[in-house]
Chemist: 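Please read through the structure below; I'll follow up with questions.
The structure presented is a predicted model; accordingly, all values stated were derived computationally and were not measured. Below, read A as the first sequence line, B as the second, and so on, with proteins coming before strands; counting in each chain starts at 1.
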Amino acid sequence: MSIDKDLKQFLEKITAFASRTGIAYRTGDIYGGLAGFWDYGPIGVEIKNRIKDTWWTDFVRNRDDIVGYDGAIITHPKVWEASGHLSSFTDPLIFCQGKCKKKHRLDHLLEDNLKIHTENLDLEGMGDLVIKEELSCPECGGKLGKPITFNLMFNTQVGPVQDSASTAYLRPENAQLIFSGFRNVIDSTRVKMPFGIAQSGIVFRNEISPRNFLFRVREYELMEFEYFTDPQKTNECPVFDDVAHNMVNIHSRTDQETEDAVDYTSMTIGDAWEKKIFKNKWQAYWMVISNEWFIHKMGINPDKLRFRQHLESELSHYALDTWDIEYQYKFGWKELMGCANRTQYDLEQHQKHSKAKLQFSETDKSGVNRFVPYVVAEPSVGLGRILLTVIADGYQEETVKDRKRVVLKIHPRLAPYDVAVFPLQKKPQIISKAQEIFKYLRTEGFIVNFDDGGSIGKRYRRHDEIGTPFCVTVDFETLEDEKITIRHRDTMEQTRLPIKGLVEELKNLGSNYLAAKRI
RNA sequence: GCGCUGAUAGUCUAGUCUGGUAGGACUCCAGCCUUCCAAGCUGGCUGCCCGGGUUCAAAUCCCGGUCGGCGCACCA
């Protein structure tokens, strides 16, 4: 009961906090908002771009084995036919008009009641059968209404003539762009197995009920990559040894099927592999790499992250095995990232539908080796979900001198400003000196904010709230000794140091942040 | 999509039962004062989710919708 209340308060608090500080607002707010769609404000867009930049840098630019891709949002309709999304995204439904008002899968209803196959029936045909056979609601016996199709993909019309031939879909995932563009990538670049193709981009899913602020939305940016191997070598992962000693939190299938099971068990990924908890070594490897990235680059509390394996029953139509990295939100453990083993399913589907050869060839001593590459891992994560997690994890309320201090303890590399510069007093000499330092830090590549509004304490609090890790204050002594005061967001500590050493100091403080946080 | 529940300024909230010109706190802006942690004083901006109905009169009552929260369902 009180948990529900806390939960509600926390979610609404974070939503209000995000709106108040310029992180995110409801879209079309003045018209009452649109469910499942959000706008990012001046502070939010900075944090979001930094998360995205960090991801792209770490998973594309700084890796020798992953290349980038950026596919079209409105995608060739055949792509979704081949991928299976058109059929698995579209369900025929029928609603009970009696007491219970429940909706039922129309195809399942007919199959169960009439013992027939429905593959060759269209919606109308199925609806006619319901009337002809006088079927009623299996739940309450009530009358059934008109059948409808429910499609989770948004569609639109390409060109001025609107008919079924011009229907195209807004992509519900980036992966299919990578698969359908795979031939072009291997023909135009010199990638070698194993390798990945990464994409960050907006996807659209017409979710039934968007919930929980940025968590479940209808339009969001998905950052994901497909990692391909030779299907004969899916477990040859030489880099696994580099991470074998890393600790991870495992929530196994057995745990999920056991009542009162613990949230997770900590072990090294090497042990988890030995215990055969994972089916694929590369998948285990990418899970650890991703987990480390969330901890060290996103600054997320490691104790609130765990690996959860999907149950057989919840696997997607294309997946052999899927693992989620879950975060312990106030509303429960929920998926932050998903990592599916998609096998050769997608490339084979596209090969079948397009008649294009989606094979990779390698030559070695024994000759030419040709194969349809195997996707061992697809780490896929929503940018907005990371932003929400970073904020929820970093949001702190402290009491300082009997007053509430709200501070966003996020990784300095994700903060909307690297540093803020304040003149202690509104005296012209101090202001111009502060301006000078402000401009200097900008030319040095920092994202800097200048603030001379209100009292000094108010300025510190304002920047605490949006996560600015460091504030630099210029006072009357600065004019004489060329020293400033640097103030730390997390501890409120202040140190005085020469302007000359400021750039170096700020760089060190930023990179040492997590080491300091752990002590 | 169904059920329950709610919506008053940027934020928190009083007023709704019992219809009669919407009040406070914080924030924000300007000025004064102060000058290293949301200090003080003065002034100011901004609000009854939207659309109908009832009524002399609607934030308040009724109907429809939108948006939020929770549960169910859904979850490639």
Chemist: Does R405(A) contact C37(B) through a side-chain donor or acceptor facing the base, at a distance under 3.5 Å?
Modeler: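 There is none.
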Chemist: Is any side-chain N or O of R461(A) under 3.5 Å from a base N or O of C37(B), one able to act as donor and the other as acceptor?
Modeler: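 Such a pair exists between side chain and base.
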Chemist: Which whole number of Å gives the distance between the C1' atom of G19(B) and that of C62(B)?
Modeler: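 Rounded to whole Å, the distance is 13 Å.
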Chemist: Could you tell me how far apart E335(A) (CD) and C74(B) (C1') are, to the nearest whole angstrom?
Modeler: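 These atoms are roughly 15 Å apart.
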Chemist: With rounding to the closest Å, how many angstrom separate the P atoms on U5(B) and G43(B)?
Modeler: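 After rounding to an integer number of Å, I get 45 Å for this pair.
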Chemist: Between K458(A) and U27(B), is there a side-chain N or O to OP1/OP2 distance below 4.0 Å?
Modeler: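 Yes, K458(A) has a side-chain N/O under 4.0 Å of OP1/OP2 on U27(B).
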Chemist: Select from A319(A) and S19(A) the residue whose nearest nucleotide in RNA chain B is closer to the 5' end of that strand.
Modeler: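 Looking at RNA chain B, the more 5' nearest nucleotide goes with S19(A).
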Chemist: Looking only at atom P, what distance separates A57(B) and G20(B), rounded to whole Å?
Modeler: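 Looking at atom P only, A57(B) and G20(B) are 14 Å apart.
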Chemist: One thing to verify: whether D324(A) and R308(A) come together as a salt bridge, which I'm taking to mean a side-chain N less than 4.0 angstrom from a carboxylate O.
Modeler: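 Judged by the 4.0 Å cut-off on N to carboxylate O distance, R308(A) and D324(A) do form a salt bridge.
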Chemist: Starting from P on U11(B), measure out to CD1 on I23(A) and report it in whole angstrom.
Modeler: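 So the two atoms are 14 Å apart, to the nearest Å.
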Chemist: Is K334(A) close enough and on-axis enough to Y329(A), meaning under 6.0 Å and within 45°, for cation-pi?
Modeler: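 Not flagged: K334(A) not positioned over aromatic ring of Y329(A).
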Chemist: Hey, would you say the Y227(A) and W286(A) ring centroids sit under 6.0 Å apart?
Modeler: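 Yes, the ring centres sit under 6.0 Å apart.
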Chemist: I want to confirm an ordering. Mapping F37(A) and Y460(A) to their closest nucleotides on RNA chain B, which one lands closer to the 5' end?
Modeler: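 Taking each residue's closest nucleotide, the earlier one in sequence belongs to Y460(A).
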Chemist: Answer yes or no: is there an ion pair linking K500(A) with E505(A), defined by an N-O contact shorter than 4.0 Å?
Modeler: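 Between E505(A) and K500(A) there is no salt bridge, as every charged N stays at least 4.0 Å from the carboxylate O atoms.
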Chemist: Is there, by distance only and without an angle test, a donor paired with an acceptor across the side chain of R487(A) and the base of C36(B) below 3.5 Å?
Modeler: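 By the distance-only test, no, there is no pair.
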Chemist: Could you work out which one of G1(B), C36(B), U11(B) sits closest to the side chain of S209(A)?
Modeler: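 Comparing G1(B), C36(B), U11(B) against the side chain of S209(A), the answer is G1(B).
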Chemist: Does this structure show an ion pair linking R403(A) with E398(A), if we count only N-O contacts that are shorter than 4.0 Å?
Modeler: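 No.
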Chemist: Nearest to the side chain of R216(A), heavy atoms from C-beta on, is which of G69(B), C75(B), C36(B)?
Modeler: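 Per side-chain heavy atoms of R216(A), the pick is C75(B).
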Chemist: Taking only heavy atoms on the protein side, list every residue of residues 417-433 of chain A lying under 4.0 Å from any atom of RNA chain B, sorted numerically.
Modeler: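 Close to the strand are L424(A), Q425(A), K426(A).
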Chemist: In whole Å, what is the span from the CG atom of D29(A) to the P atom of A9(B)?
Modeler: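 Answer to the nearest Å: 11 Å.
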Chemist: Measure from the ring center of H85(A) to the ring center of Y169(A) and say whether it is less than 6.0 Å.
Modeler: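 Not close enough - the centres of the two rings lie 6.0 Å or further apart.
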Chemist: Calculate the interatomic distance between E12(A) atom CD and U13(B) atom P; express it in whole Å.
Modeler: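 Atom CD in E12(A) sits about 9 Å away from atom P in U13(B).
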Chemist: What is the distance from CZ of F470(A) to C1' of C36(B), rounded to the nearest Å?
Modeler: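 Taking atom C1' of C36(B) as the reference, CZ of F470(A) is at 18 Å.
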Chemist: Identify which nucleotide among C28(B), U11(B), A73(B) has an atom closest to any side-chain atom of R462(A), counting heavy atoms from C-beta outward.
Modeler: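 So the nucleotide nearest the side chain must be C28(B).
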Chemist: Would the Y220(A) and W38(A) ring centres measure less than 6.0 Å apart?
Modeler: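 When the ring centroids of Y220(A) and W38(A) are compared, they turn out to be at least 6.0 Å apart.
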Chemist: Which nucleotide, if any, forms a Watson-Crick or G-U wobble pair with C41(B), using both distances under 3.5 Å?
Modeler: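 C41(B) is paired, partner G31(B).
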Chemist: Could you tell me if the ring centre of H251(A) sits under 6.0 Å from that of F307(A)?
Modeler: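 When the ring centroids of H251(A) and F307(A) are compared, they turn out to be at least 6.0 Å apart.
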Chemist: Would you give me the side-chain donor-acceptor pairs under 3.5 Å for residues 69-81 of chain A, sequence neighbours excluded?
Modeler:
unit_1: T75(A); atom_1: OG1; unit_2: I73(A); atom_2: O; d: 3.2
unit_1: H76(A); atom_1: ND1; unit_2: K78(A); atom_2: N; d: 3.1

Chemist: Ring centres of F215(A) and F213(A) under 6.0 Å apart?
Modeler: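 For F215(A) and F213(A), the ring centres are not under 6.0 Å apart.
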Chemist: Categorize R211(A) for me: base, sugar-phosphate, or nothing, with a 4.0 angstrom heavy-atom threshold over every strand shown.
Modeler: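 R211(A): base contact, heavy atoms under 4.0 Å.
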Chemist: Counting only heavy atoms and a strict 4.0 angstrom limit, can you tell me which residues of residues 471-479 of chain A come near RNA chain B?
Modeler: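 Only T473(A), D475(A) qualify.
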Chemist: What residues from residues 340-351 of chain A pass a heavy-atom cutoff of under 4.0 Å to RNA chain B?
Modeler: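 Of all residues in residues 340-351 of chain A, none places a heavy atom under 4.0 Å from RNA chain B.
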Chemist: Could you give me the CA-CA distance, side-chain angles and deciding distance for H350(A) and Q176(A), then say whether side-chain hydrogen bond (donor to acceptor under 3.5 Å, both in side chains) is met?
Modeler: CA-CA 9 Å; H350(A) 285 297; Q176(A) 295 309 326; 2.7 Å; yes
Chemist: Please measure how far the C1' atom in U21(B) lies from the corresponding atom in G47(B), and state the result in whole Å.
Modeler: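 Roughly 15 Å separates the two C1' atoms.
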Chemist: Relative to Y460(A), does R487(A) satisfy both conditions: NZ or CZ under 6.0 angstrom from the six-membered ring centre, and within 45 degrees of the ring's axis?
Modeler: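 Yes - R487(A) lies over the ring of Y460(A), closer than 6.0 Å to its centre and within 45° of its axis.
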Chemist: Looking at R26(A) and D39(A), is there a salt bridge between them, counting it only when a charged N and a carboxylate O are closer than 4.0 Å?
Modeler: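 Judged by the 4.0 Å cut-off on N to carboxylate O distance, D39(A) and R26(A) do not form a salt bridge.
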Chemist: Using a strict threshold of under 4.0 Å (side-chain N to carboxylate O), is an ion pair present between E221(A) and K52(A)?
Modeler: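 Counted as a salt bridge, because a side-chain N and a carboxylate O are separated by less than 4.0 Å.
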Chemist: Are D393(A) and K409(A) within salt-bridge range, i.e. N to O under 4.0 Å?
Modeler: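 Salt bridge between D393(A) and K409(A), a charged N being under 4.0 Å from a carboxylate O: no.
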Chemist: Measure CD1/I43(A) against P/G10(B) and give the value in whole Å, please.
Modeler: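 It is 19 Å, rounded to the nearest whole Å.
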Chemist: Calculate the interatomic distance between K334(A) atom NZ and C75(B) atom P; express it in whole Å.
Modeler: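 About 14 Å, once rounded to whole Å.
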Chemist: Do the charged groups of R405(A) and D464(A) touch, with an N to O distance under 4.0 Å?
Modeler: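 So R405(A) pairs with D464(A) through a salt bridge.
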Chemist: Quick one, which residues of residues 491-498 of chain A touch RNA chain B with a heavy atom under 4.0 Å?
Modeler: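 M492(A), Q494(A) - these, ordered by number, are the residues of the stretch whose heavy atoms sit under 4.0 Å from the strand.
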Chemist: Write down the distance between NZ (K13(A)) and C1' (G68(B)), rounded to a whole number of angstrom.
Modeler: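 So the NZ-C1' distance, K13(A) to G68(B), works out to 18 Å.
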Chemist: Using the C1' atom in both, what is the distance from U60(B) to U54(B), to the nearest Å?
Modeler: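 Rounded to whole Å, the distance is 13 Å.
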Chemist: Nearest to the side chain of V400(A) - C37(B), C74(B), C36(B)?
Modeler: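 Nearest to the side chain of V400(A) among the choices is C37(B).
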Chemist: Starting the side chain at C-beta, find the nucleotide from U11(B), G1(B), A39(B) nearest to S455(A).
Modeler: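 Shortest atom-to-atom distance from the side chain points to A39(B).
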Chemist: Pick the C1' atom in A14(B) and in A25(B), then give their distance to the nearest Å.
Modeler: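 Their C1' atoms lie roughly 11 Å apart.
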Chemist: State whether E482(A) and K433(A) are salt-bridged, where the test is any N-O pair (Lys NZ or Arg NE/NH1/NH2 against Asp/Glu carboxylate O) under 4.0 Å.
Modeler: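 Salt bridge between E482(A) and K433(A), a charged N being under 4.0 Å from a carboxylate O: yes.
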Chemist: Quick one: which of C12(B), C67(B), A73(B) gets closest to the side chain of A35(A)?
Modeler: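 Of the options given, the side chain of A35(A) lies nearest C67(B).
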Chemist: For Y264(A), is the NZ or CZ atom of R306(A) found under 6.0 angstrom from the centre of its six-membered ring and inside 45 degrees of the ring axis?
Modeler: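 No - R306(A) does not lie over the ring of Y264(A) by the 6.0 Å and 45° rule.
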Chemist: Is the distance between the ring centroids of Y374(A) and F228(A) under 6.0 Å?
Modeler: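 Centroid separation for Y374(A) and F228(A): 6.0 Å or greater.
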Chemist: Give a yes/no answer on whether the side chain of R26(A) brings an N or O atom under 4.0 Å of OP1 or OP2 in U66(B).
Modeler: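 It does not, given that no N or O in the side chain of R26(A) lies less than 4.0 Å from OP1 or OP2 of U66(B).
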Chemist: With P as the reference atom in both, quote the distance from C48(B) to A9(B) in angstrom, rounded to an integer.
Modeler: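 Pairwise P distance, C48(B) against A9(B), rounds to 8 Å.
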Chemist: Between C70(B) and N212(A), is there an OP1 or OP2 to side-chain N/O distance shorter than 4.0 Å?
Modeler: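 Indeed, a polar side-chain atom of N212(A) lies that close.
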Chemist: Looking at E378(A) and R342(A), is there a salt bridge between them, counting it only when a charged N and a carboxylate O are closer than 4.0 Å?
Modeler: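 Here R342(A) pairs with E378(A) in a salt bridge, since their nearest N and O are under 4.0 Å apart.
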Chemist: Classify every nucleotide of nucleotides 41-50 of chain B by which part a protein heavy atom approaches to under 4.0 Å, writing B for the base, S for the sugar-phosphate alone and - for neither, in 5'-to-3' order.
Modeler: ----------
Chemist: Which whole number of Å gives the distance between the C1' atom of U11(B) and that of C28(B)?
Modeler: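 Straight-line distance between the two C1' atoms is 11 Å.
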